[in-house]
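Along the sequence shown, the residues carry numbers beginning at 1. These numbers come from the heavy atoms of this one structure, side chains and all, not from hydrogens, waters or symmetry mates.
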Amino acid sequence: MGFRLDESELKQYISRGEFGLEKESLRVDADGYLSHTPHSFPGDSRIDRDFCENQVELITGVNDSVEKVWEELGGLYRETADRLLQLETGREYLWPFSNPPYVRGEEDIPIANFTGRQAGKGIYREYLAGKYGKKKMLYSGIHYNFSFREELLRADFACRSEKKTVNYAERNPEPDDKREKSDLREENGAAGEKNPEFRRYKDQIYLELGKKAVKYSWLIVYLTAASPVLDGSYYRAGDLGETVVSRYASPRCSDIGYWNSFVPILDFTSLDGYADSIDGYVKNRMITAATELYYPVRLKARGENTTDNLRNNGINHVELRMLDLNPLCPVGIRRKDLTFIHLLLVWLMLQEDEALGTMEQTIAIRNIKEAARFSPDEIQIESGWLQKRPVREAAAEVLDSMAEALPEYFPGQEDMVRDCLAFQREKVTDSSKRYAEQIRERFQKGYVKKGLRLAETYAGKFKV
């Protein structure tokens, strides 16, 4: 499918997007243990909880650039860290790693306490604890939400419909600064709903992007994995304080991570097919709801993550769920990595469409788990049935293709594109540039004690 705009218009629109982030972090006390105080931000939709009462989730709004969403996440971090330093029950910190600190057994992990109308959330978490165990729920990460700007989609739809008589930008000027972004998104959503053909077109664009993102998620994992060490108490209570050097760069994305007990096979041919494939797993009692589908990429509507909402309102954005927290950065992720993911998504939509059937999805999930291993020399990426090649070779090929194709689609930002891709390319050619290797070198002894000092430093003197 792809975009059918002519090159000049495609270059005008495709570099723009809308971005949102959700970042999970565990609250820890001054001794490096999991906090057992109540959630400190009740009623604040920007600072929520995830599985645990002590697992903070920072949720940005929708921003029209990587820079703005990164800055908003930094502001949320600053606000949260400041509040935790002032608790009457004693100072607390946001743990900077995806892997947890000291864990004194499963009884040390307090399930999030939801009451009243939200009591069902607590019941759901009790179910997850029984099925998967509480410890896996301690893994924390970042979810990256992306959508193309509405002007791109409408211009391309008009081109397809042969109704492109006036330049889209002339008919629909950019909103002035006084208009709220939320108002604009609401208008765009309503307009899409009134035109079923546009909604079907939009769904197909995101279905295509989603399946391509699934296929190439291994590259994101390989370039951003940042969790090679953890405390021995994660495995055995008696090993509390013993740093374990893992054979994984990212345990949460590896074969010991947070996955369903089966490999989900989803139908990316249509919105109904996609929703039906999820509902099939619910009907067969393999999962209880769409939220229990632990898949690296989700196609989501605005609002609730349910298949009914998806069918009723269509796909609004793609959610990428494979990012580790990067303890080398206070915010938890580097801006260049956020930019790289945007570049990758744009590049994917410039590539030819391809199938993502049972075999391709099975290989894609294997590749993600493979890319989560620590040693590059051991990682083999599958490109087809019984076809494997070293991860460095596979990653270099994609990055080189991106470097050749993308600069012209980011007019005025060509140097930024080249710099960002060169930054990622260095991780491939020089393994010491990978976060996992830097973190293992720095934290392979005294993981929790050093991690706590890092958390204190970030909280006390925040620098993006």
Is the [X]-[Y] ring centre distance short of 6.0 angstrom?
X    : Y    : value
H39  : F41  : yes
Y447 : W95  : yes
W347 : Y216 : yes
Y248 : F374 : no
Y274 : Y206 : no

Any side-chain donor paired with an acceptor under 3.5 Å for [X] and [Y]?
X    : Y    : answer
D324 : S227 : yes
N260 : E292 : no
D337 : Q424 : yes
S432 : E437 : no

Would you find a donor on one side and an acceptor on the other, under 3.5 Å apart, between the side chain of [X] and the backbone of [Y]?
X    : Y    : answer
S246 : V229 : no
D267 : S277 : no
N309 : R302 : yes
D239 : S233 : no
N63  : S65  : no
D50  : V56  : no
S401 : E397 : no
E57  : E22  : no
Q55  : F51  : yes
K450 : K445 : yes

[atom1] of [X] to [atom2] of [Y]: how many Å apart, nearest 0.5 Å?
X    : Y   : atom1 : atom2 : answer
I59  : L76 : CD1   : CG    : 9.0 Å
L73  : W70 : CG    : CH2   : 9.5 Å
L350 : I14 : CG    : CD1   : 4.5 Å

Neighbour count above 12 (heavy atom, 6.0 Å) for [X] [atom1]:
X    : atom1 : value
E304 : CD    : no
K369 : NZ    : yes
K388 : NZ    : no
E441 : CD    : no
R389 : CZ    : yes
E7   : CD    : yes

Can you check whether [X] reaches [Y] side chain to side chain, under 4.5 Å on heavy atoms?
X    : Y    : answer
V245 : R440 : yes
Y77  : L94  : yes
R199 : F157 : no
L230 : F443 : no
L58  : I47  : yes
R27  : L84  : yes
I278 : L266 : yes
L138 : L34  : yes

Hey, are [X] and [Y] close enough for a salt bridge, meaning a charged N less than 4.0 Å from a carboxylate O?
X    : Y    : answer
R91  : D29  : no
E53  : R49  : yes
E151 : R16  : yes
E354 : K211 : no
R321 : E319 : yes
K212 : E208 : yes
E360 : K215 : no

statement: Which of Y102, F97, Y139 passes ring pair (Phe, Tyr, Trp, His ring centres under 6.0 Å) with Y234? Answer is Y139
message: Taking ring pair (Phe, Tyr, Trp, His ring centres under 6.0 Å) as the criterion, tell me which of W259, Y132, F262 meets it with Y294.
response: Y132
- prompt: Does the pair R366 and E370 meet the rule for a salt bridge (Lys or Arg N to Asp or Glu O under 4.0 Å), with working shown?
  reply: CA-CA 6 Å; R366 280 205 299 260; E370 180 77 2; over 6 Å; no
Search all heavy atoms of [X] against all heavy atoms of [Y] and return the closest pair with its distance.
X    : Y    : value
A455 : P96  : CB-CD, 3.9 Å
A301 : N313 : CB-CB, 4.4 Å
S40  : R83  : O-NH1, 3.1 Å
G20  : T60  : CA-OG1, 3.5 Å
L10  : Y409 : CD2-CE2, 3.9 Å
S217 : M322 : OG-CE, 3.3 Å

message: Does K427 form a side chain to side chain donor-acceptor pair (under 3.5 Å) with Y435? I'd like the steps, not just the answer.
response: CA-CA 8 Å; K427 299 177 189 176; Y435 304 136; 3.2 Å; yes
message: Before you tell me yes or no, could you show the steps for L325 and K23 under side chain to side chain contact (heavy atoms under 4.5 Å, CB included), namely the whole-Å CA-CA distance, both residues' side-chain angles and the distance that decides it to 0.1 Å?
response: CA-CA 8 Å; L325 299 184; K23 179 200 171 201; 3.8 Å; yes
message: D156 vs E9, test: side chain to side chain contact (heavy atoms under 4.5 Å, CB included). Steps then yes/no.
response: CA-CA 9 Å; D156 190 57; E9 282 201 287; over 6 Å; no
- request: Please assess L152 against F3 for the test side chain to side chain contact (heavy atoms under 4.5 Å, CB included), listing each intermediate value before the final yes or no.
  value: CA-CA 9 Å; L152 167 64; F3 294 119; 3.7 Å; yes
task: Determine, stepwise, if the pair Y144 / H317 fulfils ring pair (Phe, Tyr, Trp, His ring centres under 6.0 Å).
output: CA-CA 10 Å; Y144 185 116; H317 62 275; over 10 Å; no
- request: Give the C-alpha distance, both sets of side-chain angles, the deciding distance and a yes or no for side chain to side chain contact (heavy atoms under 4.5 Å, CB included) between L128 and Y258.
  value: CA-CA 11 Å; L128 294 177; Y258 201 174; 4.2 Å; yes
